[in-house]
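Atom set for the values below is all heavy atoms of this structure, side chains included, hydrogens, waters and symmetry mates excluded.
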Amino acid sequence: MRKVKIAGLHYDELKTHLFPGDNKEAVAVALCGRSQHEQNHTLTVMELLLIPYDKCEERTSDRVTWPTAMINALVGKAQKDNLAILKIHCHPGGGDFFSGYDDIADHDLFEHLFAWLQTDLPHASCIMLPDGRLFGRFFGPDLKPQPIQKITVAGADIQEWYYDHGMSLDEHMHRRNLQAFGKGTMERLSRMRIGVVGCSGTGSPVIEQLKRLGVGELVVVDPDYVDVHNLNRIIGTTRQDALSQVNKITVVEREVEKVGFGTHVIAFARDIVDRDVVKELSQCDVLFSCVDGVEARHVLNLISTFYLVPLLDLGVKLDADGMGSIDGIYASVHYIQPGGSSLLSRGQYTLEQLRAASIKRASPEEYHRNEYLAAVNEDTPAVISVNIIPAGYAVNELLARIHAYRFVASQDIDTIRIHFNLVKVLHERHPSPCAFFSKYLGWGDRDLLLNLLELGDDQNDD
């Protein structure tokens, strides 16, 4: 599938520039990372160059001409790192087609680009319409246009436009879901690929909801097996599963198959710091972080940033004295937009904790030997009646961002905090971007995947 992904901050900047209110065409050029996996080739927008109106040679309601030498700096970066160039212009009067003039302009631009870059990898051209919808086409070295099949905006709201033939929806099985969210939303869910990392406390009820909403594909990741200690919170597990040490992802596959909504499961009984796992998660439309560990949260935030995938992170804290008394129960759901604030900048973990977690995974002996490392992965109490609440909020958060049903704007909600003792639910904003993660926005595939030494590979990806 040919795809383009754009972070919400770039999409908003693009829309403002392309539609200044003068009813004339305008143009911008994006430098894009690339993500290649199986049959998918995705361009991920890294940075924008907005062509100034006064630098355009001509601007009318149906054409724009501009000095293409202005993008030489972007082309130099593309040549150095094997990146892509994406041209975007507008049709202020509407018209969801490429005009004859657009064909000539694109042909000339990409003919020069391929002559300069000497690569067979595609570049692309898009048009934005007044309602914000984008459509476009890829160009290879033969200069024959191929339609972009999916364009995604990973912003406060998740926007997707499909330009291929999707699967038909079983309206009988989804009758109650259709009554609540309508056919359009249910069809979107049926086409979505969602990654869930951690299939236990919060992950299990998240998966339970997603499979019954008819999500098309689930990528589930959990290296552990079922034991008697987590039978109290993993839906569908049995005592026999614990005695046989069945992998948690095996239970997920089994239970999804039982429901029969047609959800396809791609399962990994591995740690997230694994090249194959990262590549599969990079192809998701949304990620759910249902983990306790600091390192997994960090890697998920990296995947979200490099590949422009929205991330929902769930956390639960239950303070108990071990004697039956509870001092406090708290839960949180964080929505992470690529290019915005991160779990790190929101204080959900520190770099010291991340270093300790990495050492604990790679060398448990050194971790236990080093008294100066931060403590990580301590066992805490967990019960299904608590875990299921943030899981419900997290899935409803996803639904709210693809189907606007609530009275509070999505951009005003970055975190939901649940205080069980006070019987309160609060929401917070975190408008400041994270300096650490923002520099990796839209990088896509690199030889050193996610810029992590553990994920380096001399072999080419798919």
Side-chain angles (χ1 to χ4, degrees), residues 195-203 206 221-224 271-274 277-278 281 287-307 309-319 328-364 366-368 370-382 387 390-391 393-394 397 414-419 426 428-441 449-455:
V196 182
V197 180
C199 300
S200 188
T202 55
V206 163
V221 181
D222 198 312
D224 294 332
D271 190 275
I272 192 174
V273 187
D274 178 283
V277 172
V278 169
L281 290 172
L287 297 171
F288 281 82
S289 167
C290 303
V291 297
D292 296 325
V294 168
E295 188 178 39
R297 280 192 163 97
H298 182 74
V299 172
L300 281 163
N301 214 145
L302 285 172
I303 296 171
S304 170
T305 304
F306 272 71
Y307 295 99
V309 185
L311 169 65
L312 285 152
D313 176 81
L314 290 73
V316 175
K317 183 179 181 182
L318 196 155
D319 292 331
I329 307 175
Y330 319 93
S332 62
V333 176
H334 289 268
Y335 180 73
I336 303 296
Q337 290 185 55
S341 59
S342 71
L343 294 173
L344 177 65
S345 66
R346 297 183 195 182
Q348 295 307 292
Y349 64 89
T350 66
L351 292 177
E352 290 77 13
Q353 290 173 323
L354 176 62
R355 175 173 171 264
S358 300
I359 291 174
K360 185 174 184 179
R361 173 183 52 80
S363 178
E366 181 181 350
Y367 172 79
H368 291 295
N370 194 331
E371 62 181 301
Y372 299 105
L373 290 174
V376 294
N377 291 338
E378 297 297 333
D379 289 336
T380 57
N387 293 337
Y393 270 97
E397 192 66 22
D414 293 314
T415 302
I416 294 173
R417 297 199 184 276
I418 306 162
H419 298 263
L426 308 172
E428 303 169 353
R429 288 195 65 210
H430 299 278
S432 300
C434 175
F436 178 88
F437 281 94
S438 292
K439 60 180 179 285
Y440 299 124
L441 185 65
L449 207 61
L450 302 184
N451 211 35
L452 294 177
L453 289 174
E454 300 96 321
L455 297 175

Open item on the list: Walk me through whether Leu343 and Ile336 qualify under side chain to side chain contact (heavy atoms under 4.5 Å, CB included).
Closed with: CA-CA 8 Å; Leu343 294 173; Ile336 303 296; 4.0 Å; yes
Roughly how far, to the nearest 0.5 Å, is the [atom2] atom of [Y] from the [atom1] atom of [X]?
{"X": "Tyr393", "Y": "Ile418", "atom1": "OH", "atom2": "CD1", "result": "5.5 Å"}
{"X": "Arg346", "Y": "Glu428", "atom1": "CZ", "atom2": "CD", "result": "8.5 Å"}
{"X": "Ser432", "Y": "Asp414", "atom1": "OG", "atom2": "CG", "result": "10.0 Å"}
{"X": "Leu455", "Y": "Leu302", "atom1": "CG", "atom2": "CG", "result": "9.0 Å"}
{"X": "Asn387", "Y": "Thr202", "atom1": "CG", "atom2": "OG1", "result": "6.0 Å"}

Tell me the closest heavy-atom pair linking [X] and [Y], and the distance in Å.
{"X": "Asn301", "Y": "Ser342", "value": "OD1-CB, 3.4 Å"}
{"X": "Val291", "Y": "Val197", "value": "CG1-O, 3.2 Å"}
{"X": "Arg297", "Y": "Asp313", "value": "NE-OD1, 2.8 Å"}
{"X": "Asp224", "Y": "Asp222", "value": "N-OD1, 3.0 Å"}
{"X": "Glu295", "Y": "Leu354", "value": "CA-CD1, 3.8 Å"}
{"X": "Tyr335", "Y": "Gln337", "value": "CE2-CG, 3.5 Å"}

- [ ] Compute the ring centroids of Phe437 and His298, then answer whether they are less than 6.0 Å apart.
- [x] yes
Task: Side-chain heavy atoms of Val277 within contact of Asp271, under 4.5 Å - done: no
- [ ] Flag the pair Pro338 / Ser304 as yes when at least one side-chain heavy-atom distance between them is below 4.5 Å, and no otherwise.
- [x] yes
Task: Pair Val278-Leu452, side chain to side chain contact (heavy atoms under 4.5 Å, CB included): steps then yes or no - done: CA-CA 11 Å; Val278 169; Leu452 294 177; over 6 Å; no
Open item on the list: On the six-membered ring of Phe436, is Lys439 placed so that its NZ or CZ lies under 6.0 angstrom from the centre and within 45° of the ring axis?
Closed with: yes
Task: Parallel, tilted or perpendicular: ring planes of Tyr330 versus His419, cut at 30 and 60 degrees - done: perpendicular
Open item on the list: Against Cys290, only a single residue in Leu300, Val221, Val196 fulfils side-chain contact (heavy atoms from CB on, under 4.5 Å); can you say which?
Closed with: Val196
Open item on the list: I need the single residue from Leu312, Val206, Val333 that forms a side-chain contact (heavy atoms from CB on, under 4.5 Å) with Pro390. Which is it?
Closed with: Val333
